[in-house]
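Encoded as structure tokens, the structure appears first; notes follow it.
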Amino acid sequence: MKRKAKLPFDPKVFLSKVNGGRAISDYRKDQIVYTQGEPADSVFYIQSGKVKKTVVSDQGKEAVVALLGAGDFFGEGCLSGQPLRLATVSAMTESVIVRITKADITRVIHEEPAFGELFIAHLLARNSRIEEDLVDQLFNSSEKRLARLLLLLANFGKDGRPEPLITKISQETLAEMIGTTRSRVSFFMNKFRELGFVDYNGGQIEVHSSLLNLVLHEKPEIRS
């Protein structure tokens, strides 16, 4: 008798059925999920949509530290004893987000091996991304940092080719994420468009795989 093939683990389906402290909510564009300084008591999973994480310094300076999309977790700092939120998270588009209490996600990690593996993989990937971001900030020019950010936002490397960025992302947001000015981002975006690396119009960005040339090489040639 032929065995049925085991279906791949689907976190979206699984989290929609978890018993206990779970809530699924719809968020409109620009709606706050949680605010910096609030008690950290739960973890969130993005079923659909995009969110951004921003941090405000004691001097009032704001910086965008991450853009997250469907399939990403956030707020996991509460599991390591973080008492307060270190950032504000808000929806960039209409989003569906699952909120799971700290106690409940801890239980699920122990009781459901497939979910535990998925969550650990997420944490490892997040840690690796943070290390790469640090190296990027320390050693790369702002032009290369922008090119790398655009490739990441377009999910380059997940299936071999970048995806169009459906969400409009302002030059101010891009500047905050790579630590430069809006005028520099505008200059680089125009240059990337001239080189044929991106199609860019009013915040709508389509990234081409040729942009990787800029990350790998110092001086790409302008096409005729």
Side-chain angles (χ1 to χ4, degrees), residues 9-137 149 152-153 155 158 167 169 173 176-177 179:
F9 180 75
D10 187 335
K12 182 177 179 180
V13 173
F14 175 76
L15 290 173
S16 68
K17 297 178 179 179
V18 170
N19 294 322
R22 171 190 57 84
I24 303 176
S25 301
D26 295 326
Y27 288 84
R28 62 182 182 278
K29 182 180 178 182
D30 297 326
Q31 185 175 352
I32 300 295
V33 180
Y34 61 70
T35 303
Q36 182 176 336
E38 288 183 354
D41 58 2
S42 53
V43 176
F44 296 81
Y45 176 79
I46 306 172
Q47 284 196 356
S48 63
K50 291 182 181 293
V51 305
K52 66 177 179 180
K53 296 178 69 174
T54 58
V55 175
V56 179
S57 69
D58 292 338
Q59 293 73 35
K61 184 176 181 180
E62 184 177 273
V64 177
V65 295
L67 302 180
L68 305 173
D72 286 330
F73 291 91
F74 61 93
E76 66 272 21
C78 68
L79 300 178
S80 61
Q82 182 187 102
L84 302 175
R85 301 295 188 190
L86 300 181
T88 294
V89 175
S90 58
M92 297 180 66
T93 65
E94 291 186 353
S95 303
V96 179
I97 299 174
V98 182
R99 176 185 178 275
I100 316 162
T101 64
K102 177 181 176 180
D104 207 51
I105 196 168
T106 300
R107 175 184 60 79
V108 171
I109 289 172
H110 285 91
E111 294 179 356
E112 299 291 342
F115 179 79
E117 291 176 9
L118 175 79
F119 194 72
I120 290 172
H122 155 77
L123 294 178
L124 293 173
R126 179 69 57 85
N127 184 64
S128 178
R129 170 69 186 276
I130 291 172
E131 290 183 356
E132 291 171 358
D133 288 347
L134 178 59
V135 171
D136 194 37
Q137 287 287 340
L149 174 61
L152 287 171
L153 293 175
N155 292 321
K158 286 190 175 181
T167 306
I169 300 176
T173 296
E176 289 172 357
M177 293 193 71

Which heavy atom in [X] sits nearest to a heavy atom in [Y], and how many Å separate them?
X: Cys78; Y: Ala40; value: CB-O, 3.5 Å
X: Leu84; Y: Gly37; value: CD2-O, 3.4 Å
X: Ala91; Y: Tyr27; value: CB-CB, 4.1 Å
X: Pro39; Y: Arg85; value: O-NE, 3.8 Å
X: His122; Y: Glu76; value: NE2-OE2, 3.4 Å
X: Gly75; Y: Val43; value: O-CG2, 3.9 Å

Report yes if the side chains of [X] and [Y] come closer than 4.5 Å at any heavy-atom pair, otherwise no.
X: Arg107; Y: Ile105; answer: no
X: Gln36; Y: Val55; answer: yes
X: Gln82; Y: Leu86; answer: yes
X: Ile24; Y: Gln47; answer: yes

Which value, rounded to the nearest 0.5 Å, describes the distance between [X] atom [atom1] and [Y] atom [atom2]?
X: Glu176; Y: Lys52; atom1: CD; atom2: NZ; result: 7.0 Å
X: Asp136; Y: Leu149; atom1: CG; atom2: CG; result: 8.5 Å
X: Thr173; Y: Glu62; atom1: OG1; atom2: CD; result: 9.0 Å
X: Lys53; Y: Ser90; atom1: NZ; atom2: OG; result: 12.0 Å
X: Ile46; Y: Ser95; atom1: CD1; atom2: OG; result: 7.0 Å

Quiz item: Which of parallel (below 30°), tilted (30 to 60°) and perpendicular (above 60°) describes Tyr34 and Phe74?
Solution: tilted
Practice problem: Specify whether Phe115 and Phe119 have parallel, tilted or perpendicular ring planes, treating 30° as the upper limit for parallel and 60° as the lower limit for perpendicular. | Solution: parallel
Quiz prompt | From CA spacing to verdict: side-chain contact (heavy atoms from CB on, under 4.5 Å), Ile130, Glu132 | solution = CA-CA 5 Å; Ile130 291 172; Glu132 291 171 358; over 6 Å; no
Self-check item: Intermediate values then yes/no, side-chain contact (heavy atoms from CB on, under 4.5 Å), Leu152 and Arg129
Solution: CA-CA 10 Å; Leu152 287 171; Arg129 170 69 186 276; 3.5 Å; yes
Quiz item: Passes side-chain contact (heavy atoms from CB on, under 4.5 Å), Ile169 versus Leu153? Steps please.
Solution: CA-CA 10 Å; Ile169 300 176; Leu153 293 175; 3.7 Å; yes
Quiz prompt | Verdict with reasoning, Lys29 to Thr93, per side-chain contact (heavy atoms from CB on, under 4.5 Å) | solution = CA-CA 4 Å; Lys29 182 180 178 182; Thr93 65; 5.7 Å; no
Practice problem: Using a strict 4.0 Å threshold on nitrogen-to-oxygen distance, state whether Arg126 and Asp133 make a salt bridge. | Solution: no
Quiz prompt | Residue from Ile32, Ile97, Leu67, Asp72 passing side chain to side chain contact (heavy atoms under 4.5 Å, CB included) with Val51 | solution = Ile97
Hey, does the side chain of [X] reach the backbone of [Y] with a donor-acceptor pair shorter than 3.5 angstrom?
X: Thr106; Y: Lys102; value: yes
X: Gln31; Y: Arg28; value: yes
X: Thr101; Y: Asp104; value: yes

Quiz prompt | Glu94, CD: over 12 other non-hydrogen atoms inside 6.0 angstrom | solution = no
